[in-house]
Chemist: 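Structure incoming, see below.
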Amino acid sequence: MEQPIVEIDELTKYYGTLAALDGLSLSVARGSIFGFLGTNGAGKTTTINILLGLVEPSGGAASVLGFDVVDESDEIRTRVGALLDETGLYEQMSAYENLWFYARAWRLPKDQAEARVERVLSDLGLWDRRHDPAGSWSRGMQQRLALARAQLHDPELLFLDEPTAGLDVVSAREVRDHLAGLVGRGTTIFLTTHNMTEAEELCDRVAIIHRGRLLADGHPDELLSASGYEVNIEGVNLDGAAEAIVRRPDVVSCVSEDGRLRLRLTTPDPSAVVADLVAAGVSIHEVRRGTHLEDAFLELVREDS
Amino acid sequence: MITDMSTVIWKEWKSLFRQPGSRLRMALTVLIPLGYFGIIAPLQAGGEFTTGAEPWFIAVVLPLLTVIMTAPDSFAGERERKTLRTLLASTLSDSAILWAKLGFAVLLGMAMMIATLVLAMVVVNLFTNTTGVAAIGVARLIHMIGVSLLLSAMAAGAAVLISLRAETVQQAQQTLAAVFFVIPSVLGPVLLITSGDGESGPVVAFFDWLGTTSGRLTVVVVLAVLAVILLTAARVGFRRTRLVS
Ligand SMILES: Nc1ncnc2c1ncn2[C@@H]1O[C@H](COP(=O)(O)OP(=O)(O)OP(=O)(O)O)[C@@H](O)[C@H]1O
Ligand SMILES: [Mg+2]
């Protein structure tokens with residue numbers, strides 16, 4: 001099997017007596033968008049800081065691109081890009097100067113730096129306003145500029161700490177489309193977000209952490225199955241229909257409320273159950289999948305608390 | 001390393017005069033000393049200027065003032081404006097960042113001092129009655145530049161150490177100003193008074209000794225030792241894993 005691009009092994013980080021990370025282990029495969037989910041204070045930013053060599057772990061080990069985060073963090077920083085939980089823009093400098101500085105910081109030769117800056121600014125639709133001071137821009141444009149900066153040196157791996165936080169739906173959509181494009185070209189993205197719909201849409205794998213520990217990880221669909229697939233059914237003659245299906249092996253639970261059936265199934269496909277209901281004389285108006293990543297997330301976190 | 005440092009210096013230069021709201025403050029803190037030491041003082045002193053105490057004020061006060069005004073902005077300011085962590089997440093080494101910023105502050109201090117000195121010499125020669133061309137002696141000039149350089153380096157090192165702990169740029173500037181200006185200017189007179197005996201007391205004797213060759217050398221050596229200590233401490237403190245909290 002190919003070596004994981006990020007590998008975290010029993011990582012701990014203490015601030016005083018507070019365990020920001022408490023034995024976190026996980027690994028991230030190349031070429032995907034990895035969603036790193038958790039409540040406020042779960043330890044997401046701390047993990048990213050450690051992976052970039054900005055914070056020293058209290059215990060455990062981690063490597064990025066095969067380099068150790070404590071001893072070889074220079075090698076890591078040369079090869080990855082990061083958009084942290086602050087844009088990090090020099091507000092008094094122009095957008096172009098901000099990028100030029102970082103292009104030179106990544107030691108791109110002048111002609112190559114010029115080409116790259118133009119390329120990323122154009123890709124993110126910012127080229128026309130490149131001479132504006134970055135501080136005069138809207139939150140959405142600043143966030144896109146910071147995203148442009150993170151990929152100046154065409155890194156194999158991007159760390160993005162809540163890249164769509166505080167953005168309106170249009171800006172957030174633009175950022176998400178851009179990320180999907182990057183992954184299409186082979187970049188691996190390590191993404192934290194509080195937006196479950198975003199994680200469901202973008203991520204091939206998600207990990208849920210809580211109080212510095214891993215609660216679950218896998219494809220978003222796998223996490224859903226852990227709590228069962230919820231299905232809501234509306235229709236006529238539903239009263240008593242529960243009897244017809246409650247003993248089926250794929251039905252975990254069945255609740256009838258407000259003229260509606262709320263089911264929890266072991267499979268994502270409700271058609272067999274629906275057929276049974278129709279046979280029992282129910283006239284069905286709507287079948288709606290009810291479980292989203294958010295429910296699975298809430299359930300996992302609640303169990304842990 | 002040199003390329004990295006010049007990249008950082010380019011950035012420092014770009015953002016130097018563009019801090020919001022600081023342009024007036026910066027202009028005042030540059031223009032007032034420049035005007036006083038570069039124009040008014042030489043006009044008053046005339047030909048005596050080159051041998052008097054005024055050039056020493058230029059060599060001591062101007063670089064210190066410049067470093068105290070700019071260095072905290074470059075260190076504490078980077079944290080206050082939330083650009084430090086992103087900078088540290090780049091491929092630049094912490095030593096390249098540190099030395100470029102320190103070097104830039106010292107360079108500015110020296111530039112201020114030399115500009116004022118040149119202005120003062122022009123004023124003395126053009127607008128006062130001097131016999132022939134008045135100029136500062138070479139030995140004196142070298143001594144002044146050496147002391148200036150060491151003081152700037154000390155102030156820059158102290159600015160890093162203080163910026164690591166200060167909450168804001170302003171707080172760092174105030175602390176630095178207290179260390180380099182307020183304390184010495186209070187301590188001087190206090191020493192003079194407590195030592196008591198007017199014209200021939202130990203403090204006066206000390207100042208006389210400072211004028212001798214061994215006095216001058218001792219001052220340079222002491223300043224050099226202090227500068228090395230402060231810069232070393234700055235290097236130890238300025239590490240990625242200590243800067244991000
Ligand atoms: N420098 C620090 N000193 C003390 N405690 C800290 C420090 N940095 C983080 N913490 C604590 O560590 C825990 C994890 O913080 P972290 O910032 O990693 O959370 P997060 O998952 O990124 O949260 P959010 O979603 O709010 O960004 C929190 O309890 C936080 O208060
Ligand atoms: Mg965070």
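Letters go in sequence order (proteins before strands), and every chain restarts at 1. Basis for what follows: all heavy atoms, side chains included, without hydrogens, waters or symmetry-related copies.
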Chemist: Would you mind checking which part of R149(A) comes under 4.5 Å of any heavy atom in chain B, side chain (CB onward), backbone (N, CA, C, O), both or neither?
Modeler: side chain

Chemist: Which answer fits S73(A), side chain, backbone, both or neither, if we ask what part of it has an atom under 4.5 Å from a heavy atom of chain B?
Modeler: neither

Chemist: Given heavy-atom pairs under 4.5 angstrom as the criterion, report whether the side chain, backbone, both or neither of L54(A) touches chain B.
Modeler: both

Chemist: Within this structure, what is the CZ-CD distance for the pair R81(B) and Q92(A), rounded to the nearest 0.5 Å?
Modeler: 5.5 Å

Chemist: Do Y102(A) side-chain atoms and L87(B) backbone N/O form a donor-acceptor pair below 3.5 Å?
Modeler: yes

Chemist: Heavy-atom distance under 4.5 Å to chain B: side chain of L83(A), backbone, both or neither?
Modeler: neither

Chemist: Quick one: OG1 on T3(B) to CZ on R104(A), what's the gap to the nearest 0.5 Å?
Modeler: 7.5 Å

Chemist: Highest number of heavy-atom pairs under 4.5 Å with chain B: which of V55(A), I76(A), V80(A)?
Modeler: V55(A)

Chemist: Rounded to the nearest 0.5 Å, how far does NZ of K14(B) lie from CG of N98(A)?
Modeler: 12.0 Å

Chemist: For the OG1 atom of T86(B) and the OH atom of Y90(A), what is their distance to the nearest 0.5 Å?
Modeler: 8.0 Å

Chemist: Quick check for you: to the nearest 0.5 Å, what is the distance between T83(B) atom OG1 and L84(A) atom CG?
Modeler: 11.5 Å

Chemist: Pick one of side chain, backbone, both or neither for D161(A), based on which atoms fall under 4.5 Å of a heavy atom in chain B.
Modeler: neither

Chemist: May I ask you to check whether over 12 heavy atoms, not counting those of Q170(B), lie within 6.0 Å of atom CD?
Modeler: no

